[in-house]
Novice: 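Here's a structure for you.
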Amino acid sequence: MVIYFDLDDTLYRLYDPFYKAYQKVFHEDLDIYALWKQSRIYSNEIYPKYLNKLITKDELSIYRLKNAFKDFHQFITNQQALDFQKVYENQQAHLTLSSTMKELFNYLKEKNISYGIITNGKEKTQMTKINSLFPIIDFPIIISEKVGYQKPQKEIFELIQENDRYYVGDGYEIDMMGAHQAGLKTIWYNHQKQEKDTSFIDFVVYSDEELLEVVKKLNND
């Protein structure tokens with residue numbers, strides 16, 4: 001058995017570094033979580049252009065944050081958006097696994113269960129996060145920019161060569177549908193509690209603790 005994990009919003013919460021950066025840069029009394037969710041919508045809308053080098057990172061940062069603020073009738077400058085992005089990236093370089101996630105990866109090591117990461121994004125950005133989360137990188141990492149495929153394309157999942165392959169991710173279309181279509185077994189980390197058709201998904205979990213229990217179950221513990 002081999003278990004591959006999504007990175008963003010699976011091994012850590014995307015909201016955490018956003019919240020910390022907001023507290024350092026802005027002082028408006030907004031619903032920060034709602035602002036973050038709007039920024040993710042705008043980010044997902046334009047991110048493919050960034051991956052395909054049609055826009056710069058600065059243009060991506062400005063677009064998603066300025067539009068998110070506009071939805072709350074607040075207006076920020078391009079420079080404020082870039083200042084925020086700088087602090088946000090600094091927070092991303094100081095991510096930590098939760099205590100339960102640490103327990104999960106210790107368990108995988110103790111039981112000699114192979115694992116790895118598959119993530120979309122820029123290699124430099126994603127490796128900064130992974131290096132922050134893991135003191136030692138002794139497992140395979142598949143990053144879309146490096147391999148030339150991105151989730152949900154089945155080709156990126158087919159890079160896993162082992163038999164009895166599992167994929168853990170929070171994204172329904174990008175992670176679960178993509179992995180399933182590539183023939184992997186799936187564990188949906190549905191921490192946002194979305195209501196979707198789960199008939200093709202092997203396991204659905206809602207917390208780090210439930211994820212750990214499923215992994216132990218797969219190993220007959």
Novice: Please list, chain by chain and in numerical order, all residues satisfying ring-ring contact (aromatic ring centres under 6.0 Å, His included) with F139, sequence neighbours excluded.
Specialist: Y115, F134
Novice: Before accepting this row, confirm whether a basic side-chain N of the pair E89/K57 lies closer than 4.0 Å to the acidic partner's carboxylate O.
Specialist: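 Judged by the 4.0 Å cut-off on N to carboxylate O distance, E89 and K57 do form a salt bridge.
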Novice: How are the rings of F157 and Y167 set to each other: parallel, tilted or perpendicular (split at 30° and 60°)?
Specialist: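 Rings of F157 and Y167: perpendicular, over 60°.
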Novice: Ring centroids only, cut at 6.0 angstrom: are Y22 and Y33 within range, meaning strictly under it?
Specialist: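 No, ring centres 6.0 Å or more apart.
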Novice: Taking the six-membered ring of Y50 (Phe, Tyr or Trp), confirm whether the NZ or CZ of K122 is under 6.0 Å from its centre and within 45° of its axis.
Specialist: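 Cation-pi check for K122 and Y50: passes.
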Novice: Hydrophobic clusters here meaning ILVMFWY residues chained together by side-chain heavy-atom distances under 4.5 Å, can you tell me if L14 and V205 are in one?
Specialist: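 Same hydrophobic cluster.
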Novice: Taking the side chain from E145 and the backbone from E123, do they hold a donor-acceptor pair closer than 3.5 Å?
Specialist: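 Yes: the side chain of E145 pairs with the backbone of E123.
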Novice: Crowded around L54 CG? As in, over 12 foreign heavy atoms under 6.0 Å?
Specialist: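 Result for CG/L54: enclosed.
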Novice: Would you check if there is a donor-acceptor pair between the side chains of E110 and N106 at a distance under 3.5 Å?
Specialist: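 Their side chains do not contain a donor-acceptor pair, so the 3.5 Å distance test is not met.
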Novice: Between atom CG of L104 and atom OG of S99, what is the distance when rounded to the nearest 0.5 Å?
Specialist: 11.5 Å
Novice: Search all heavy atoms of L95 against all heavy atoms of S132 and return the closest pair with its distance.
Specialist: N-OG, 2.5 Å
Novice: How about Y166 and T186: do any of their side-chain heavy atoms sit closer than 4.5 Å?
Specialist: no
Novice: Give a yes or no on whether M127 and L51 share a hydrophobic cluster (residues Ile, Leu, Val, Met, Phe, Trp, Tyr; joining criterion: side-chain heavy atoms under 4.5 Å apart).
Specialist: no
Novice: Within the 4.5 Å heavy-atom criterion, are L11 and F105 side-chain neighbours or not?
Specialist: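 A side-chain contact exists here, since the closest heavy-atom pair is under 4.5 Å.
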Novice: To the closest 0.5 Å, what do you measure between OG (S43) and CG (L65)?
Specialist: 10.5 Å
Novice: For the residue pair F26 and I32, establish whether any side-chain heavy-atom pair is separated by less than 4.5 Å.
Specialist: no
Novice: Have Q92 and Y88 got a donor and an acceptor in their side chains that come within less than 3.5 Å?
Specialist: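 Checked: Q92/Y88 side chains pair up, N/O donor to acceptor below 3.5 Å.
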Novice: Does NZ or CZ of R13 lie under 6.0 Å from the centre of the six-membered ring of Y189, at an angle within 45° of the ring axis?
Specialist: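 Checked: cation-pi criterion met.
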Novice: Would E59 and R64 count as a salt bridge (charged side-chain N to carboxylate O under 4.0 Å, His left out) here? Give the steps.
Specialist: CA-CA 9 Å; E59 289 172 323; R64 64 187 176 192; over 6 Å; no
Novice: Give me the atom names and distance for the closest heavy-atom approach of L211 to F5.
Specialist: CD2-CE2, 4.3 Å
Novice: Check the side chains of D58 and Q85 for a donor-acceptor pair under 3.5 angstrom, ignoring hydrogens and angles.
Specialist: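 Judged by distance alone, the side chains do not pair up.
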Novice: Checking F203 against V168 for the side-chain contact (heavy atoms from CB on, under 4.5 Å) test, could you report, in this order, the C-alpha distance in whole Å, the side-chain angles of both residues, the deciding distance, and whether it holds?
Specialist: CA-CA 9 Å; F203 297 95; V168 181; over 6 Å; no
Novice: Within the supplied structure, the quantity of interest is the number of heavy atoms (other residues, nucleotides, ligands) at a distance under 6.0 Å from D197 CG; does it exceed 12?
Specialist: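 Yes, the 6.0 Å shell around CG holds more than 12 heavy atoms from other groups.
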Novice: Taking salt bridge (Lys or Arg N to Asp or Glu O under 4.0 Å) as the criterion, tell me which of D16, D9, D8 meets it with K129.
Specialist: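 Testing K129 for a salt bridge (Lys or Arg N to Asp or Glu O under 4.0 Å) against D16, D9, D8 leaves exactly one candidate, D8.
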Novice: Counting only heavy atoms not in D29 (residues, nucleotides, ligands), do more than 12 fall under 6.0 Å from its CG?
Specialist: no
Novice: Can you check whether Q126 reaches L7 side chain to side chain, under 4.5 Å on heavy atoms?
Specialist: yes
Novice: Among the clusters formed by ILVMFWY side chains lying less than 4.5 Å apart, do I55 and I41 turn up in the same one?
Specialist: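 The answer is no; the residues belong to distinct hydrophobic clusters.
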Novice: Measure from the ring center of Y206 to the ring center of H191 and say whether it is less than 6.0 Å.
Specialist: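 Here the rings of H191 and Y206 have centres that are no less than 6.0 Å from each other.
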Novice: Considering the options D175, T119, D170, which one meets the side-chain hydrogen bond (donor to acceptor under 3.5 Å, both in side chains) requirement together with T10?
Specialist: D170
Novice: Of the options I141, I142, I117, which is the one that meets Y4 in a side chain to side chain contact (heavy atoms under 4.5 Å, CB included)?
Specialist: I142
Novice: Looking only at heavy atoms, which two atoms of R165 and I160 are closest? And how far apart?
Specialist: NH1-O, 3.2 Å
Novice: Do the two ring centres, one from W36 and one from Y19, sit under 6.0 Å apart?
Specialist: no
Novice: Identify the heavy atoms of K185 and D202 that sit nearest to each other, and give their distance.
Specialist: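 Residues K185 and D202, closest heavy atoms: CA-OD2, 3.2 Å.
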Novice: Would you please indicate yes or no on a ring centroid separation below 6.0 angstrom for Y63 and Y47?
Specialist: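 Between Y63 and Y47, which both carry aromatic rings, the centre distance is not below 6.0 Å.
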Novice: Under 4.5 Å between side-chain heavy atoms, hopping through other hydrophobics if needed: is there a path connecting L159 to I130?
Specialist: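 No; tracing contacts between hydrophobic side chains, which count when under 4.5 Å, never links both residues.
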Novice: Between E158 and Y149, does any side-chain donor sit less than 3.5 Å from a side-chain acceptor?
Specialist: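 No, because no side-chain N or O of E158 sits under 3.5 Å from a partner of the opposite role on Y149.
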Novice: Is there a chain of hydrophobic side chains (I, L, V, M, F, W, Y, each step under 4.5 Å between heavy atoms) that links V215 to V204?
Specialist: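 No: no chain of side-chain contacts under 4.5 Å links V215 to V204.
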Novice: Looking at every heavy atom in both G171 and W188, which two are closest together, and how far apart are they?
Specialist: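 What the structure gives for the nearest pair is C-NE1, 4.1 Å.
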Novice: Is there a side-chain contact between K86 and V25, using heavy atoms and a 4.5 Å cut-off?
Specialist: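 No, every pair of side-chain atoms sits at 4.5 Å or beyond.
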Novice: Please assess Y12 against L133 for the test side-chain contact (heavy atoms from CB on, under 4.5 Å), listing each intermediate value before the final yes or no.
Specialist: CA-CA 8 Å; Y12 78 97; L133 292 168; 4.1 Å; yes
Novice: Can you tell me how far apart CD (Q38) and CG (D31) are? Round to the nearest 0.5 Å.
Specialist: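 The CD atom of Q38 sits 10.5 Å away from the CG atom of D31.
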Novice: Are the side chains of L35 and D71 in touch, meaning some heavy atoms are under 4.5 Å apart?
Specialist: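 They are not in contact (no side-chain heavy atoms under 4.5 Å apart), so the answer is no.
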Novice: Determine whether the aromatic ring centres of F75 and F69 lie less than 6.0 Å apart.
Specialist: no
Novice: In sequence, state the C-alpha distance, the side-chain angles, and the governing distance for D6 and K151, and then conclude on side-chain contact (heavy atoms from CB on, under 4.5 Å).
Specialist: CA-CA 10 Å; D6 171 44; K151 299 180 298 181; 2.8 Å; yes
Novice: Does any non-hydrogen side-chain atom of K217 lie less than 4.5 Å from one of D221?
Specialist: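 They are not in side-chain contact.
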Novice: With a 4.0 Å cut-off, would you call E45 and R40 a salt bridge?
Specialist: no
Novice: Taking atom types as modelled, find out whether Y107 and N219 have a side-chain donor-acceptor pair closer than 3.5 angstrom.
Specialist: yes
Novice: Compare every heavy atom of T128 with every heavy atom of A93, then report the nearest pair and how far apart it is.
Specialist: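 Heavy atoms only, the tightest pair is CB-CG2, 3.8 Å.
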Novice: I'd like to check V214 versus L212 (side-chain heavy atoms, cut-off strictly below 4.5 Å). Are they in contact?
Specialist: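 In short, these two side chains do not touch, never coming nearer than 4.5 Å.
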Novice: Answer yes if the side chains of K20 and Y15 hold a donor-acceptor pair under 3.5 Å, and no otherwise.
Specialist: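 Per modelled atom types, K20 and Y15 side chains form no pair under 3.5 Å.
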